[in-house]
Amino acid sequence: MRTIETDVLVIGGGATGTGCARDLAMRGIRAILVEKGDLTHGTTGRYHGLLHSGGRYVTKDPQSATECARENVVLRKIMPHCLEDTSGFFVTTPWDDPAYGDVFVKNCRLTGVPVQELSVQEMLRREPMLNPQISRVFEVMDGSADSFLATRSTALSAEEYGAQIWTYHHVVDLVREGDRVTGAVVEDLRNGERIGILCAYVLNAAGAWAGKIAAMAGVTVTVLPGKGTMVAMNHRMVNTVVNRCKLPDDGDIIVPIHTVAVIGTTDVHVPDPDVYGIEPDEIQFMLAEGDKLLPGFSQYRALRAWAGVRPLYKDRDVVNDRDIPRTFKLLDHAERDGVEGMLSIVGGKWTTYRLMAEESVDALAKRLGNTRPCRTAEEPLPLPPTEHQTTFRPPIRTTGPGARVAAEVEALQRAPLYWLGKHLSEVEREQSFADLICECEMASRSRVLAAIDAGAKNLDDIRRDVRMGMGPCQGGWCIYRTTALLFERRGEDGLSQANSNDALLHFLQARWKGLVPVLWGDQLRQARLDELIYVGVLGADRLRSIAEQGGGLVTDNPAVATEYVKA
Amino acid sequence: MDHIELSLTQSLDHCIKCNICTSACPVAAVTDAFPGPKYVGPQAQRFRHEGQPVPDASVDYCSGCRVCNQVCPTGVKIAELNARARAQIVAERGLPFRNWLVARAGLVGRMSCGPHAPLLNFGLRLAPARWAVEKVIGIHRKAPLPASSTYTFRAWFRKHRAPTTARRQVAFFHGCATNFYEPHVGKAAIAVLEHNGFEVLLPKQQCCGLPLISNGDFKAATSAHEANVQALVSYARQGIPIVGTSTSCTLTLKEEAPEILALHSEDVQAVAAGTYDIFEFLRSLAERGELKTDFRPIERHLPYHQPCQYRAHRLGSPAMDVLSLIPGLVLEESHAECCGIAGTYGLKQEKYQIGMDVGAKLFAMVKRSGSDLALCDSETCRWQITHGTGVASKHPIEILAEAYGLEL
């Protein structure tokens with residue numbers, strides 16, 4: 001077994017782990033990050049995409065609210081290309097306690113969350129589809145975030161500073177010598193090779209899987225996987241994040257992100273982060289809640305449903321999972337459990353990932369005798385090669401609570417903020433509309449090839465890079481095209497036709513999972529057409545006999561076979 | 001938001017990306033400048049956001065022929081989405097002078113119609129003049145411009161003496177082309193209607209607004225439609241049918257203006273419900289046995305092109321149905337999607353060749369027929385057919401008047 005030495009082994013390729021790797025590398029600390037799937041394979045890639053203003057936590061979790069409000073501004077400065085400045089509303093519907101509005105504003109002030117009340121008339125001018133029976137509206141600095149792109153940009157920066165990012169590397173075991181964790185054994189899922197990693201510290205940033213990792217070192221960390229189910233609707237009926245003005249509950253938020261509007265979420269405790277299903281009543285409930293915010297919401301085309309597991313850290317006995325603080329906690333297992341060489345960073349949320357990384361790395365740096373300061377809040381993230389190098393700057397917000405920050409961010413003249421029309425405008429500029437691989441999400445051939453060349457291990461990786469297969473047809477037209485490109489591009493590196501077939505089947509199955517919960521109306525019609533394409537025309541149902549795992553791809557490996565398979 | 005508006009804005013959700021519209025689109029088939037209805041319609045619509053800059057420009061190459069709507073198996077209102085997207089471009093980037101001008105069919109017609117028309121017509125046949133018009137304004141030098149009339153249809157109508165035996169009334173919507181370029185089409189319509197016992201009323205009217213809609217000038221189109229509704233609604237309310245010879249004008253009154261411009265008042269709906277294309281109207285008379293059939297035989301074999309804007313009425317082929325009553329007359333249908341002119345589209349310098357390529361199938365069919373006359377219900381299509389083939393063209397109502405032996 002090959003053995004490699006490093007200073008810190010980061011476990012988990014979500015926002016937090018990747019943020020930690022970047023911070024470590026920027027301070028000159030050697031780091032290797034291992035992730036059993038692709039970056040964002042876990043919770044980061046399965047959240048609704050909200051850049052929190054903090055508004056959702058002002059009452060129940062003021063510390064989280066304050067952290068979100070601060071990090072919101074930081075992220076706008078370091079990763080504008082990943083964020084859309086949608087702004088956000090908190091609205092009092094007839095189903096909400098009208099008295100909460102005043103409490104909300106007071107608590108926003110106490111926690112430092114910028115807020116401004118709007119007239120209902122103004123709200124309807126900006127978002128005419130919203131319920132006209134809404135009685136009060138408060139605007140906050142919500143936005144939407146591309147968590148895939150943000151994590152890849154962070155990883156790219158980490159690599160530029162010398163960190164190693166190993167995706168599809170599964171931790172088989174942690175090595176414990178006496179009271180000290182000294183390293184880990186990981187498996188390269190592409191070929192089964194085992195590699196030993198010796199390190200001064202293990203940083204457990206495995207999110208909902210942190211309990212499983214900690215257990216390998218004989219330490220108990222109780223992370224309650226809180227399943228949140230979301231539904232993406234086919235188009236954006238609102239362009240502003242809309243929250244119910246009440247204590248956070250199921251189905252109380254609509255996030256316009258990229259081309260879709262996402263309604264979320266539920267919160268169901270599941271015993272294992274790898275085993276959960278999506279129940280029909282969850283979907284029905286959320287769509288019905290959507291109708292309260294936006295009359296007729298449930299009649300729009302639902303595109304897909306999915307679920308992620310929140311990494312809620314349970315300190316002590318908490319009755320309701322929604323009452324567990326959403327703030328994060330850094331666990332020093334030396335202090336806590338008498339086990340040296342390992343820290344766990346648990347809880348938290350996407351918006352505060354950078355702060356979580358900063359605190360974790362501060363603690364590690366101190367132990368390693370490194371005195372260099374954290375610079376992740378100042379230095380902007382690089383753009384991955386799958387991104388259009390665009391110079392067009394969409395106009396910035398000039399009114400509301402976010403105007404001042406928007407002007408501040410604009411003054412830095414960093415990458416332009418993401419805007420909805422970005423990819424369409426680039427395709428138009430390049431006149432590449434005849435060369436689209438994923439037509440729904442406007443992923444051109446050059447971007448898909450960039451994703452393949454960046455090391456995609458299956459089609460789902462390409463999806464996360466360029467949104468291939470995420471539009472209305474859910475891969476009906478782009479899966480076979482992308483498979484062909486993958487084969488063309490990697491054929492010389494040993495990727496066979498059988499491996500390509502396997503990639504196609506794997507991705508078809510992954511898309512199908514998210515379609516099953518929303519199979520009615522337009523999406524049922526779509527699924528029927530997709531079935532005709534893949535089964536009727538291409539005979540995908542008979543492809544299994546000439547499909548084979550391998551060729552540098554990772555498809556149906558049990559280590560990453562999470563989701564609803566076993567539910 | 002009312003249900004008509006919702007059915008339009010939400011219709012993008014019905015797209016299953018099947019590409020049937022893209023395969024059927026006559027424009028996408030001949031040019032790479034137009035990515036096709038699926039792309040510019042339901043697909044691009046997901047990337048548009050009123051509060052943000054317009055991201056795209058290629059939708060301007062949509063000719064508005066509505067073939068996409070006709071073939072869409074799931075009912076996406078692609079042509080309407082495209083028209084609105086173009087209007088967004090115009091709202092943001094302004095209306096080029098050329099488009100402003102060609103969109104104002106009434107204004108241009110009024111200026112060019114009159115005793116000076118022969119001089120103007122002569123001038124516009126001179127190559128250097130057309131070259132200059134192309135360079136200065138951007139109207140292609142070869143594009144088929146109609147010859148102006150020395151008198152307006154309305155002026156003729158004022159002097160026209162109607163028979164006194166009429167039992168019923170219709171209101172005639174002549175449109176700009178009949179008024180300023182082809183009064184003979186209106187005269188034939190009046191003759192046919194009067195022959196069938198109708199008193200023809202001539203309401204005040206202006207341009208239906210279609211060229212304004214298709215050039216993205218929604219503000220002017222809205223005021224044109226509102227003025228027309230105001231002038232026509234009393235007829236509609238009295239149950240007097242509003243009948244037109246221009247299939248595009250009648251489609252605009254019936255459907256395009258209300259839907260694309262989001263005008264849904266009761267008056268608008270009343271006018272829409274009370275408007276008929278002339279052959280739609282005549283066919284309904286025939287179905288009730290009320291159409292006179294004292295036709296003289298016309299022993300001819302003529303090519304007939306049903307305009308895309310007529311097919312968009314979703315009425316079948318009323319002109320074919322009525323003309324089939326004429327003994328001896330055989331019509332051969334073109335089965336062509338579009339003649340390519342699409343109102344003002346094929347006039348434009350950058351789109352002229354696209355229009356000609358779109359029309360190629362139709363031109364070939366007309367030429368193959370060997371006929372010296374082609375029939376078509378829409379004026380700009382007739383001009384395009386004649387331009388593309390050298391074959392004269394007439395409105396089917398003119399043949400009907402001829403079959404009745406009516407003096408024009």
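This one's a predicted model, so the numbers in the text were calculated from it and none came from an experiment. Per chain, numbering begins at 1; letters A, B, ... match sequence-line order.
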Which atoms of L303(A) approach chain B - backbone, side chain, both or neither, heavy atom under 4.5 Å | side chain
Most contact-rich option vs chain B, by heavy-atom pairs under 4.5 angstrom, among C473(A), G521(A), P472(A), is P472(A)
Check each atom of L424(A) against the heavy atoms of chain B and say whether the ones under 4.5 Å are side chain, backbone, both or neither.
-> both
Tell me, side chain or backbone of W477(A) under 4.5 Å from chain B's heavy atoms, or both, or neither?
-> side chain
Winner by heavy-atom pair count (cut-off under 4.5 Å) against chain B, out of L436(A), L529(A), V260(A), L420(A) | L420(A)
Please determine, by modelled atom types, if N19(B) and K38(B) share a side-chain donor-acceptor pair under 3.5 angstrom.
-> yes
Greatest number of heavy atom pairs closer than 4.5 Å to chain B - which of K422(A), E441(A), H423(A), R126(A) = E441(A)
Pairs of heavy atoms under 4.5 Å with chain B: top-ranked of Q431(A), E439(A), R429(A), R528(A) = E439(A)
Where the side chain of D146(A) meets the backbone of F148(A), is there a donor-acceptor pair that is under 3.5 Å apart?
-> yes
Tell me, which pairs form a ring-ring contact (aromatic ring centres under 6.0 Å, His included) where one or both residues lie in residues 335-354 of chain B, sequence neighbours left out?
-> H140(B)-Y352(B), Y352(B)-H387(B)
With sequence neighbours left out, the residues meeting salt bridge (charged side-chain N to carboxylate O under 4.0 Å, His left out) with D465(A) are R152(A)
Consider only side-chain N and O atoms of D291(A) and S298(A), and report whether a donor and an acceptor are under 3.5 Å apart.
-> yes
Give a yes or no on this: more than 12 heavy atoms of other residues, nucleotides or ligands lie within 6.0 Å of atom CD of E122(A).
-> yes
Taking R481(A) for its side chain and I437(A) for its backbone only, find out whether a donor-acceptor pair lies under 3.5 Å.
-> yes
Could you tell me which portion of R236(A) (side chain, backbone, both or neither) has an atom closer than 4.5 angstrom to a non-hydrogen atom of chain B?
-> side chain
E127(A) versus chain B, the contacting section by heavy-atom distance below 4.5 Å | neither
Quick one: OG1 on T86(A) to CD on E84(A), what's the gap to the nearest 0.5 Å?
-> 6.0 Å
Measuring heavy-atom distances to chain B, does Q523(A) have an atom under 4.5 Å in its side chain, in its backbone, in both, or in neither?
-> neither
Interchain contact, Y300(A) with chain B, by part (heavy-atom threshold 4.5 Å) | both
